[in-house]
Amino acid sequence: MSGISDILVLIKQVPDTSSKAGLNPDGTIDRAKAKRMLNPFDRYALQAALHVKKMYGGRVTALTMGPPPAVEILLEAIAHGADQGYLLSDRRLAASDTLATAYALHKCVLYLGKMDLIFTGLQTTDGDTAQVGPQIAERLDLPQVTYCEDFSIEEGKLHARRIVEGGHQDVICNLPALVTVANAYHQLEYKTLRGARLIQELNRDEALKNQYIHTITLDDVSADPELCGLKGSPTIVAHTDKVGQIGGQCVMHQGKSIEALVKEITGGTQIKEFVRQ
Amino acid sequence: MSEESPEIVKPINADQPVGEVLVFAEQCLGELQPVGLELLGAGRILADKLKRPLTAIVLGHNLGDIPKTLIAHGADKVYIADHPDLEQYRTLPYRRVICKWIEQMAVEPHTMLLGSTTTGRDLAPRIAAHFTTGLTADTTELDIGDYDHKGGSDPSKIGLYAHCLYAIRPSFGESLKARILGPWKNPQMATTRPGVMVPLKPDWERTGEVITIPVDIDSSDYRLAVKETFREVNQTVNLAQADVIVAGGYGLGNPEGFELIRKLADCFDNSAVGASRKVVDAGWIPYNHQIGQTGKTVRPKVYIACGISGAIQHRVGMQNSDLIIAINKDPDAPIFKFAHHGIVGDLYQVLPEMIRQLQSSQSSSPKEVSSVV
Ligand SMILES: Cc1cc2nc3c(=O)[nH]c(=O)nc-3n(C[C@H](O)[C@H](O)[C@H](O)COP(=O)(O)OP(=O)(O)OC[C@H]3O[C@@H](n4cnc5c(N)ncnc54)[C@H](O)[C@@H]3O)c2cc1C
Ligand SMILES: Nc1ncnc2c1ncn2[C@@H]1O[C@H](COP(=O)(O)O)[C@@H](O)[C@H]1O
C-alpha cells in the first residue's frame, strides 16, 4: 500500500514562441494573437503525476489558473490520462506576479482538499521564475523537492533525486510534499487511446465535459481578491528595454555540400586566427 | 483629484527607516560558493548608495574562515548560524533560521540577494512567500533608484518612491530587459545568476563584526532528509582560460564521439573541451567539463557547440562567448537563436571535414611564413 490517493499537477498555458504568430517586431508577445501551448516544463510534471498514478494508484487532478482558453491544456492533460481538470479563471487575477499567483493557487489546493503529492513544472517559459511552486509550498507549509529528476515512493515516503551544482542529491521526504520536476525527468508519454476517445466525447457533450472540467472563481475558493492580481502583487515591471539580440542574427550555413559549408566557417570567420601552427 | 505643483515631491517612503542590504552566502560541504562573493560585489554598490551596511548571512557547520572571507570581500557584518543540522542545505531549517533572524531585526533588510543556484532558487521563494514580499528571479543587473508609480488599479500605491531596488532581468526569450520593482514592502528580494556580478578584490585588512545567530529548528523541519550528495571532484580543466572551446552534447550519440571533439580542439592553440549536462549525466565525460547553470560559465573567443540543443541552462554558461558556432542537424534547434554561425548538418560529417580543412591550413601556413622569411 502506497497510501496515495490524490495527486495534483499544476500546469500553465503559455504563448508558443517557436511560432512567429503574435510576435511583435520588438520581441514582445501579443498574447491575443500568439499560438498557445502547454508550458513545456509542465509536460514533465504531468508525466510525474501520471507515473505516480500508474505505479502507486490515486487520482490525478490538473489545475491551472488562466483565461478561459486555458481549458485546452486541461483537456490535453486528460487526454494523457489525468482524471479531471480545474480552471481558476477570474478577471481579478489579471497581472498577478508569482506571489499573487501562488496565493490564488494555494487557495485552490485548500479548496480541492487533501493532496498527497503536488507536482509543478520547474519553471514556465513566459514567467520563467521557478518561484510559484516553492511559494505555494510555503503557503501550505509543505516540504518541497525542487529540481527533481527522478523519484519513487517507498513506505509512504518520497525518495527523490534532485539536480544540484556539480551533481545530484538523494533525499527522502515525508508526504504530503510539493515537487518541482526538472526537464531531466522522463518525457511525457503519448496520449492514451482511451484519453483521446474521451476528449472526442467531451467535445461533443458539454454536460459530460462539465463533469471532467470545473471552472472556478476566486469566490469559489474563498480567496481574498485584495491579495490577487495587480493589487496582491508586490512587484511590477516598471520598464522594459530592448536588448540587442544576444549573439545577433545567426548566419545559417545549409543546403550545400559539407565541404562548402565548412569552408564558409574555416575561411570566413575569425576561427582561423586561433588555428595551431 | 487636485492638481499639484510638480516641483518638489516628497517620496512617500521618505520617513521610513531603511534597512541593510543582506546577502545569502551559500556554502557547500564547508566551501563558500563563489556566487556569494559576487553578490557581495553587487551588494556593496547598493549598500553604498543607500548608505546602509552590507551584511552576509551564512548557515552551516564548522564554517572556519568563511566569515573572514566575506568581510574581506565587502561585508560589514556577518551573521553565522553554526549547527550540525545545517551542514547540508535543506529548505525548511534554512528558511526557518533566516526568517526568524530577519523577524527579530529592528528594521528589516531593505534588500536581500541570493544566487540563482539550485539552492538559492529553492530558498528565495520560500522566504519571499513567508514575508509576502516581492522577488525577482535571475537578475543580471541591480541598482538603486527612485520610482514614480503613476498608474495601476490600486490608487493606494500611486506616488513617488525613493531608493527602490531595481532588479533587472532578461525576459521574453531574452530579447527584452525588464526592470522589476517592489518598493511597497521590504526586504526587496532578487536572485542573481552566478558568474554575472563581479566580486570585489579581497582586502584582508578589512574588519567587520561576526554575529552568531540562534538556531531554533522545529521538528517539522525534519520532514525532508538528505541521504547523499554526489559531487564530481573538480580537478581543473582549463575552460576559463581557453581561447577556443569545442563542446559536445547528446547529439554525439555515444561517448566515443568525444574523440572527434578532442581532435577538433587539438586544431587550435589554447583550446579546451566542454560539454552539456546531459552528456555529463550520461557519464560520457567528467563533470569538470560541464558548461552552464550548474557547470562552468565561460567566455572564450570561440565556442563551437556540436550536437547541443541550446537549452537555457546551457546557454547561460556560454552566451557571452565572442563567436559562437553551432553544428546541429535540426535547423530549429534553439542554439541557432543565439549562435553567430550555424551549420545545419550531421556533426559526424561536419567535424571530420572541419578538422581536415583546419589541418590543411595548418600545414600550408608555415610554408607561407618560411617563403616570406
Ligand atoms: C537545474 C538544471 C540545471 C541544468 N544545468 C545545466 C548545465 O549546467 N549545462 C547544461 O548543458 N545543461 C544543463 N541542464 C540541462 C539542460 O536543460 C538540457 O537538458 C541539456 O543542456 C541538453 O543537453 P544537449 O543539448 O547535449 O542534449 P539535447 O537537448 O538532447 O540535444 C541534442 C542536440 O543534438 C542534435 N543532434 C543529434 N544528433 C546530431 C548529429 N548527428 N549531428 C548534429 N546534431 C545532432 C539534436 O538536434 C539536438 O539539438 C540543466 C537542467 C536543469 C533542470
Ligand atoms: N497560472 C498558473 N497555473 C497553474 N500553474 C502555474 C501557473 N503559473 C505557474 N504555475 C506552476 O508553477 C511552475 C513554475 O512557474 P514559474 O514560477 O512561473 O516559472 C510552473 O511550471 C507551473 O507548474
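Numbers restart at 1 for each chain; the letters A, B, ... are given by sequence-line order, proteins then strands. The figures here come from the full heavy-atom set of this structure, side chains too, leaving out hydrogens, waters and symmetry mates.
Contacts of A:Asn183 with chain B are made by side-chain atoms alone, with heavy-atom separations under 4.5 Å and no backbone atom involved. Of the atoms belonging to A:Lys157, not a single heavy atom falls under 4.5 Å from chain B. Residue contact with chain A, scored on non-hydrogen atoms closer than 4.5 Å, involves the side chain of B:Leu92 exclusively. In this structure, chain B has heavy atoms under 4.5 Å from both the backbone and the side chain of A:Ala130. Only the side chain of A:Tyr147 comes within less than 4.5 Å of a heavy atom of chain B; its backbone N, CA, C and O stay farther away. Contact annotation for A:Glu149: only side-chain heavy atoms (C-beta onward) come within less than 4.5 Å of a heavy atom of chain B. In this structure, chain B has no heavy atom under 4.5 Å from any part of A:Thr180. When heavy atoms are compared at a cutoff of 4.5 Å, A:Gln123 approaches chain B solely by way of its side chain, counted from C-beta outward. Heavy atoms of A:Ile271 lying under 4.5 Å from chain B belong to its backbone as well as its side chain. When heavy atoms are compared at a cutoff of 4.5 Å, B:Ile325 approaches chain A solely by way of its side chain, counted from C-beta outward. Looking at B:Lys157, the atoms closer than 4.5 Å to chain A (heavy atoms on both sides) all sit in the side chain, from C-beta outward. With a threshold of 4.5 angstrom between heavy atoms, B:Gln313 approaches chain A through side-chain atoms but not through N, CA, C or O. At a 4.5 Å heavy-atom cutoff, B:Asp332 makes no contact with chain A through either its backbone or its side chain. Both the backbone and the side chain of B:Leu135 come within contact range of chain A, each with at least one heavy atom under 4.5 Å from a heavy atom of that chain. Only the side chain of B:Gln88 comes within less than 4.5 Å of a heavy atom in chain A; its backbone stays farther off. Within the 4.5 angstrom heavy-atom criterion, atoms from both the backbone and the side chain of B:Glu353 approach chain A. With a 4.5 angstrom heavy-atom cutoff, A:Ile258 touches chain B via backbone and side-chain atoms both. B:Val350 touches chain A through backbone and side chain together, each having a heavy atom under 4.5 Å away.
With chain B as the partner, the residue from A:Thr129, A:Thr269, A:Val275 showing the most heavy-atom pairs under 4.5 Å is A:Val275. Looking only at heavy-atom pairs under 4.5 Å with chain B, the residue among A:Pro234, A:Ser233, A:Gly167 that has the most is A:Pro234. Most heavy-atom pairs under 4.5 Å with chain B, from the set A:His168, A:Met252, A:Lys272: that is A:His168. For the options B:Pro183, B:Gly345, B:Cys267, heavy-atom pairs under 4.5 Å to chain A are most numerous at B:Cys267. Chain A forms the most heavy-atom pairs under 4.5 Å with one residue out of B:Ser220, B:Ala326, B:Ser116, B:Pro125, and that residue is B:Pro125. Ranked by heavy-atom pairs under 4.5 Å with chain A, the first of B:Gln293, B:Arg356, B:His130 is B:His130. The candidate with the highest count of non-hydrogen atom pairs below 4.5 Å against chain A, out of B:Asp122, B:Thr132, B:Thr136, B:Val302, is B:Asp122.
No donor-acceptor pair closer than 3.5 Å links the side chain of B:Arg169 to the backbone N or O of B:Thr140. No donor-acceptor distance shorter than 3.5 angstrom exists from the side chain of B:Thr133 to the backbone of B:Ala128, with no hydrogens or angles considered. Using a distance-only test at 3.5 Å, with no hydrogens or angles considered, no donor-acceptor pair links the side chain of A:Thr98 to the main chain of A:Val132. Looking at A:Asn39, its side chain does come within 3.5 Å of a backbone N or O of A:Thr125 through a donor-acceptor pair. At least one donor-acceptor pair closer than 3.5 Å links the side chain of A:Thr124 to the backbone N or O of A:Asp128.
Within a 6.0 Å radius of OH in B:Tyr250, no more than 12 heavy atoms belonging to other residues, nucleotides or ligands are found.
Between A:Asp150 and A:Arg161 there is no salt bridge, since no side-chain N of the basic residue sits under 4.0 Å from a carboxylate O of the acidic one. Between B:Arg95 and A:Glu138, at least one side-chain N (NZ, or NE/NH1/NH2) sits under 4.0 Å from a carboxylate O, which counts as a salt bridge. A salt bridge is defined here as a Lys NZ or Arg NE, NH1 or NH2 lying under 4.0 Å from an Asp or Glu carboxylate O, and B:Lys301 with B:Asp243 meets this definition.
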Passes side chain to side chain contact (heavy atoms under 4.5 Å, CB included), A:Ile265 versus A:His253? Steps please. CA-CA 9 Å; A:Ile265 300 293; A:His253 306 269; 3.6 Å; yes
Note to self: Evaluate A:Arg276 against B:Phe268 for side chain to side chain contact (heavy atoms under 4.5 Å, CB included), listing each step before the verdict.
What the structure shows: CA-CA 5 Å; A:Arg276 173 167 294 161; B:Phe268 302 99; 5.7 Å; no
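Considering B:Ile343, B:Ile245, B:Ile327, B:Ile324 in turn, B:Ile327 is the only one that fulfils the side-chain contact (heavy atoms from CB on, under 4.5 Å) rule with B:Ile304.
Classification of the A:Tyr185-A:Phe151 ring pair by plane angle, with boundaries at 30° and 60°, yields parallel. Using cut-offs of 30° and 60° on the angle between ring planes, the pair B:Tyr147 and B:Trp184 is perpendicular.
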